[in-house]
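Structure first, commentary second.
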Amino acid sequence: MLISPAQDKDREIWNSFVSKNYPPIGAFMASWEWGSFQQALGRKMKRYFIAADGEVVAVLTVVHCHLPLGQAYGYAPRGPAISRAFFNTPQKVTELFQTIEHWAKQNFPNFIFLRLEPPLDPKTPIVGKRLAHPDYYIQPRRNLAINLTKTEEEILMEFHSSTRSNVKKAERKGVTAEIKKEMTADDWDCFFGMASETMARNEGKNIYPDRTYFETMARTLPNVDEAQNGGLSLCFFYGYQEGEPAAMNLVLFFGTTATYLFGVSATSKLPSKVTTYLHWYGMKEAKKRGCRYYDLGGIDEQLWPSLTVFKRRFKGEEFEYVGNVDVIINPLAYRVYNIVRRIRKRGQN
């Protein structure tokens, strides 16, 4: 196998490969545009094709992540994206990761490790001399998504009875929704005001990146109505109760999946069930735009018990991936990194 850098002219080839080969969940992080967004945030990033016998069999985006004392590691968000022909062939998967092991050691001597997140089933054997499987993960290992290939009536009827009831209740309480084609300064102020209320309900835990992150995303990624050739695009769904702002969802569109990324809501408007309605509105809009799935995001009974219950009441399909796979480049520094990480985590609990 041969690993070579991608060029600017390769955007459509790259996105086409990811769209055709990636499972329904998480593909947007392997897209060309997500890499450009990482660059816009000031992070060093480079894209690579992996080929065998003259054909592309995987693509890999490597983001450089800095650590204290001048240390660094590489991160491939939801990557590598792998050819479907490899998925059920353990020998090919092993060969692919052996190639990445050797290549990473030769090309990134200053990294402590290269963290991969391949979209493979948890039972897929991934073995190698320098591979480690941490018991924690960056992106959710399990996501819940709604299949949009059915009719709207069929989708709605599959919801838990309480969720169906909340959709109707929202309509009775004057809840409406729209797509924001452009976020004004006032819209951003409203978004972060509701984000503060959402965090307060979550025991003060900050689950949101800073304002620069969101504004950079909105500046870097095209609006869903302006996306070209199936590239990654952004959509803000805005919910109101009796004309007053009540909730907002940030949703990404790529390939045939719409992915709910972040949501905020006003505490005083929660009795209107606007959060449930806004997801239902998003599902209907995604279906109109030809999507096959609406990804409600990560689920985890331990980390997010109430949120997981809320999402599971939509009765979607659950997807699970293998999680982190670390290519260890500096074994001693890797051990120190994990010791320090465990100490810091204990201090946060």
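Treat the numbers as computed from the prediction; the structure is a model and nothing was measured.
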> Do the side chains of Ile146 and Leu296 get nearer than 4.5 Å, heavy atoms only?
Replying inline: yes

> Any side-chain heavy-atom pair from Val340 and Val336 closer than 4.5 angstrom?
Replying inline: yes

>> Determine whether the aromatic ring centres of residues Trp14 and Phe17 are separated by less than 6.0 angstrom.
In response: no

> Taking atom types as modelled and ignoring hydrogens, do the side chains of Thr124 and Asp121 form a donor-acceptor contact shorter than 3.5 angstrom?
Replying inline: no

> Can you tell me if Arg47 and Ser36 form a side-chain donor-acceptor pair at under 3.5 Å?
Replying inline: yes

> With sequence neighbours left out, what residues match Tyr337 under ring-ring contact (aromatic ring centres under 6.0 Å, His included)?
Replying inline: Phe113

> Are Val264 and Tyr213 linked, directly or through other ILVMFWY residues, by side chains that come within less than 4.5 angstrom of each other?
Replying inline: yes

>> Using the rule salt bridge (Lys or Arg N to Asp or Glu O under 4.0 Å), only one of Arg312, Lys311, Arg141 pairs with Glu318; which is it?
In response: Arg312

> Is the shortest heavy-atom distance from the side chain of Leu234 to the side chain of Leu252 under 4.5 Å?
Replying inline: yes

>> Let me confirm one number: the CG-CG distance from Leu114 to Asn107, rounded to the nearest 0.5 Å.
In response: 10.5 Å

>> I need the Asn15 CG to Trp32 CH2 distance, nearest 0.5 Å.
In response: 8.5 Å

> Is a side-chain donor or acceptor of Ser165 paired with a backbone partner of Ser161 at a separation under 3.5 angstrom?
Replying inline: no

> Which residue, Phe49, Phe111, Phe108, forms the ring-ring contact (aromatic ring centres under 6.0 Å, His included) with Trp103?
Replying inline: Phe108

> Is Leu270 isolated, or which residues cluster with it under the ILVMFWY side-chain rule of less than 4.5 Å, directly or via members?
Replying inline: none

>> Do Glu317 and Tyr293 pair up side chain to side chain, a donor and an acceptor below 3.5 Å, judged on atom types alone?
In response: yes

> Do Glu33 and Arg11 meet the salt-bridge criterion of a basic N to acidic O distance under 4.0 Å?
Replying inline: yes

>> The test is side chain to side chain contact (heavy atoms under 4.5 Å, CB included); show your working for Thr257 and Arg292 and say whether it passes.
In response: CA-CA 6 Å; Thr257 299; Arg292 295 176 60 85; over 6 Å; no

> Between Tyr238 and Tyr240, how do the two ring planes meet: parallel, tilted or perpendicular, split at 30° and 60°?
Replying inline: parallel

> Going by distance alone, is a donor N or O of one side chain under 3.5 Å from an acceptor N or O of the other, for Tyr277 and Asn166?
Replying inline: no

>> Around atom CG of Asp210, are there more than 12 heavy atoms from other residues, nucleotides or ligands closer than 6.0 Å?
In response: yes

> So how far is it from Arg335 CZ to Ile112 CD1, rounded to the nearest 0.5 Å?
Replying inline: 12.0 Å

> Should Ile25 and Thr259 count as side-chain neighbours, where that means a heavy-atom distance under 4.5 Å?
Replying inline: no

> Any sub-3.5 Å donor-acceptor pair from Arg84's side-chain atoms to Tyr22's backbone N or O?
Replying inline: yes

>> Cation-pi check for Tyr136 against Arg342: NZ or CZ below 6.0 Å from the six-membered ring centre and within 45 degrees of the axis, yes or no?
In response: no

> Regarding Glu117 and Tyr75, is there a side-chain donor-to-acceptor distance under 3.5 Å anywhere?
Replying inline: yes

>> Donor-acceptor pair, distance only, cut-off 3.5 Å: does the side chain of Asn330 make one with the backbone of Ala333?
In response: yes

>> Quick one, Arg142 with Glu301, criterion salt bridge (Lys or Arg N to Asp or Glu O under 4.0 Å). Give me CA distance, side-chain angles, the key distance, then yes/no.
In response: CA-CA 10 Å; Arg142 291 158 61 204; Glu301 297 91 338; 3.2 Å; yes

>> Salt bridge or not between Glu215 and Arg219? Use side-chain N to carboxylate O under 4.0 Å.
In response: no

> Distance only, no hydrogens: is a donor on one side chain within 3.5 Å (strictly under) of an acceptor on the other, for Thr267 and Arg201?
Replying inline: yes

>> For Thr184, is there any backbone N or O sitting under 3.5 Å from a side-chain donor or acceptor partner on Asp187?
In response: yes

>> Name the residue from Glu244, Glu242, Glu197 that meets the salt bridge (Lys or Arg N to Asp or Glu O under 4.0 Å) definition with Lys269.
In response: Glu244

> Testing Phe262, Trp188, Phe253, Tyr260 for ring-ring contact (aromatic ring centres under 6.0 Å, His included) with Phe236, which one passes?
Replying inline: Trp188

>> Rounded to the nearest 0.5 Å, what separates atom CD1 in Ile100 from atom CD in Gln98?
In response: 11.0 Å

> Quick one: are the ring centres of Phe314 and Tyr294 less than 6.0 Å apart?
Replying inline: no

> Any idea which heavy atoms bring Ile126 and Pro118 closest together, and the distance?
Replying inline: CD1-CG, 4.1 Å

> So, do Ile82 and Val57 sit near enough that their side-chain heavy atoms are less than 4.5 Å apart?
Replying inline: no

>> Using ring centroids (six-membered ring only for Trp), state whether Phe159 and Trp280 fall under 6.0 Å.
In response: yes

>> Please check: side-chain N/O of Thr94 versus main-chain N/O of Pro90, any donor-acceptor pairing under 3.5 Å?
In response: yes

> Can you check whether His66 and Tyr73 have ring centres sitting under 6.0 Å from each other?
Replying inline: no

> What distance do Phe28 atom CZ and Leu232 atom CG have between them, rounded to the nearest 0.5 Å?
Replying inline: 7.5 Å

> How many angstroms lie between NE2 in His64 and NZ in Lys44, if you round to the nearest 0.5 Å?
Replying inline: 4.5 Å

